**Student:** 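Mind having a look at this structure? Questions to follow.
Computed from a predicted model, the values in this text were never measured in an experiment. When a residue number appears, it is its place in the shown sequence, counting from 1.
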Amino acid sequence: MKYQTRKKALILLADGTIFYGKAVGDKDGTAFGEVCFNTGMTGYQEIFTDPSYFGQLMVTTNAHIGNYGTAAEEVESDSVKIAGLICRNFSYNYSRPEANMSLEDFLATNNLFAISDVDTRALVNYIRDNGAMNAVISTDVDNIEGLKKQLAEVPNMNGLELASKVSTQEPYFFGDESATYKVSALDIGIKKNILRNLAQRDCYIKVFPYNASFEDLAAFDPDGYFLSNGPGDPEPLTEAIETTKEILKSNKPLFGICLGHQVLALANSISTYKMHNGHRGINHPVKNLLTGKGEITSQNHGFSINKEETEANSNVEITHVHLNDHTVAGIKLKDKPVFSVQYHPEAGPGPNDAKYLFDQFVENMKN
């Protein structure tokens, strides 16, 4: 076996709880972040490169990670966005013709520290009971007190603005310039598969930085506006919230996903809150209240919008609910062609049950 003798490693949680494992490869390392888990059986490369996961230590509940390698086109952004990886069994070898690199080499290329041989079932059960919290993974197993001091200085995700860390710095275009529809997209952590889905539906997209003004977005003369997914707490995104309020005044179609959904809610005076441990996986059940149909969805969020305030808002209708905990999974405005969902209809990874939402957005622009 590769790396017969691997370095001991640990996971130290903010409450002092410790889990042990071994470093992936032969490197020393330390990484800090909020620990969270994803229940997906596949799609690890897309998960690791999803900007929504920026700054998080990812626990994969699937027992084997790395067994199908990595492929250059299966990324959701230009780099790995998680802070570190925690898994049970790490596969150094892979067996997929389409793959062009092992996961080990992919993580090394992106300078990402990972640990394996962890009792991830026990760790995930602990997070489920005690909630998501900051943690550190490290090979510095004899320096627990020093790690505790460093961990205490890591900012809490509650109140943390992260969109600026992952957003584009300059506007750029995506798709065919001669497409029928033009979309101005606010990048607060956008995934490539969202852009691909819009481009496949005859849209030409101009992607703007997180702090772009409404005037910036409107100058493209778009047929519709889009608010992307992204990391962190939505409430500090004051510029994006103000831009959204101006978009609503224009009465043009607007579609929001994940963090964009939360920003739309805040623009309608609906507050958000940090969840106990969030929704992260590719098999989350959602009910479409407009059709009565169930959908299996891909989800990745640690914040949610206030259900009571949404129900009390006379201008907002709840369109989707999460069937596990009955949180709000989708809303629409009653008097405008505006809607959003808390999950990821573009999948990448995940099921395609909700891709009709892109068609709905295009239909709104058509009308």
Side-chain angles (χ1 to χ4, degrees), residues 38-54 71-79 81-82 163 166-168 172-176 179 181 183-208 210 222 224-231 253-264 278-286 288 293 295-301 319-320 322 329-332 338-365:
N38 188 293
T39 58
M41 297 289 284
T42 185
Y44 52 74
Q45 188 180 348
E46 294 94 330
I47 290 166
F48 301 163
T49 56
D50 180 349
S52 296
Y53 282 119
F54 183 84
E73 67 276 8
E74 291 174 3
V75 294
E76 289 299 330
S77 67
D78 57 2
S79 65
K81 294 298 189 289
I82 61 171
V166 296
S167 175
T168 182
Y172 65 92
F173 296 94
F174 191 96
D176 182 354
Y181 306 103
V183 176
S184 285
L186 190 67
D187 175 12
I188 45 180
I190 202 163
K191 288 173 66 180
K192 284 186 178 176
N193 214 34
I194 289 173
L195 296 173
R196 292 186 196 110
N197 270 278
L198 289 170
Q200 286 165 6
R201 288 163 175 80
D202 204 17
C203 295
Y204 182 50
I205 309 104
K206 188 172 184 180
V207 184
F208 291 85
Y210 76 102
Y225 295 90
F226 177 78
L227 303 175
S228 84
N229 61 295
L254 172 64
F255 179 23
I257 287 176
C258 201
L259 185 59
H261 161 79
Q262 297 159 11
V263 167
L264 176 61
H279 296 152
R280 297 179 180 91
I282 57 177
N283 62 345
H284 284 256
V286 162
N288 183 327
K293 291 181 178 179
E295 300 169 15
I296 303 301
T297 67
S298 178
Q299 302 211 3
N300 165 23
H301 60 103
T319 57
H320 299 76
H322 195 295
I331 58 172
K332 75 182 187 77
V338 171
F339 68 97
S340 62
V341 289
Q342 184 58 84
Y343 50 96
H344 286 265
E346 81 287 349
N352 295 323
D353 296 26
K355 285 200 171 180
Y356 68 89
L357 292 164
F358 289 101
D359 300 321
Q360 187 177 317
F361 177 49
V362 172
E363 191 64 26
N364 284 349
M365 291 191 288

**Student:** Measure the CG-CD1 distance between Asn300 and Ile282 for me, rounded to the nearest 0.5 Å.
**Tutor:**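 Reported value, rounded in 0.5 Å steps: 12.0 Å.
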**Student:** Out of curiosity, Leu264 CG to Leu254 CG, how far, rounded to the nearest 0.5 Å?
**Tutor:**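 The CG atom of Leu254 is 6.0 Å from CG of Leu264, to the nearest 0.5 Å.
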**Student:** Please report the interatomic distance CD1(Ile190) to CD(Glu346), rounded to the nearest 0.5 Å.
**Tutor:**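 If we round to the nearest 0.5 Å, Ile190:CD1 and Glu346:CD are 9.0 Å apart.
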**Student:** Would you find a donor on one side and an acceptor on the other, under 3.5 Å apart, between the side chain of Ser77 and the backbone of Ser79?
**Tutor:**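 Here the side-chain-to-backbone pair exists.
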**Student:** Testing the basics here: between Ser52 and Asn229, what is the closest heavy-atom pair and its distance to 0.1 Å?
**Tutor:**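 For Ser52 and Asn229, the tightest heavy-atom pair comes out as OG-ND2, 2.8 Å.
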**Student:** Supply the atom-to-atom distance Glu76 CD to Lys191 NZ, rounded to the nearest 0.5 angstrom.
**Tutor:**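 The distance works out to 4.5 Å.
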**Student:** Side chain of Asn288, backbone of His320: donor and acceptor closer than 3.5 Å?
**Tutor:**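 Judged by distance alone, no pair lies under 3.5 Å.
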**Student:** Taking the six-membered ring for Trp, is the centroid-to-centroid distance between Tyr181 and Tyr204 below 6.0 Å?
**Tutor:**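 No - the distance between ring centres of Tyr181 and Tyr204 does not fall below the 6.0 Å cut-off.
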**Student:** For the CG atom of Asn197 and the NE2 atom of His344, what is their distance to the nearest 0.5 Å?
**Tutor:**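 Asn197 atom CG to His344 atom NE2 measures 12.5 Å (nearest 0.5 Å).
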**Student:** Is it true that a side-chain atom of Asp50 and a backbone atom of Glu46 form a donor plus acceptor pair closer than 3.5 Å?
**Tutor:**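 Flag not set: sc Asp50 to bb Glu46 has no pair under 3.5 Å.
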**Student:** Would you say the ring centers of Phe255 and Phe358 fall short of 6.0 Å from each other?
**Tutor:**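 Under 6.0 Å, so yes.
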**Student:** Which residues pass the side-chain contact (heavy atoms from CB on, under 4.5 Å) test with Asp353, not counting sequence neighbours?
**Tutor:**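 Here the qualifying residues are Glu295, Ile296, Pro351.
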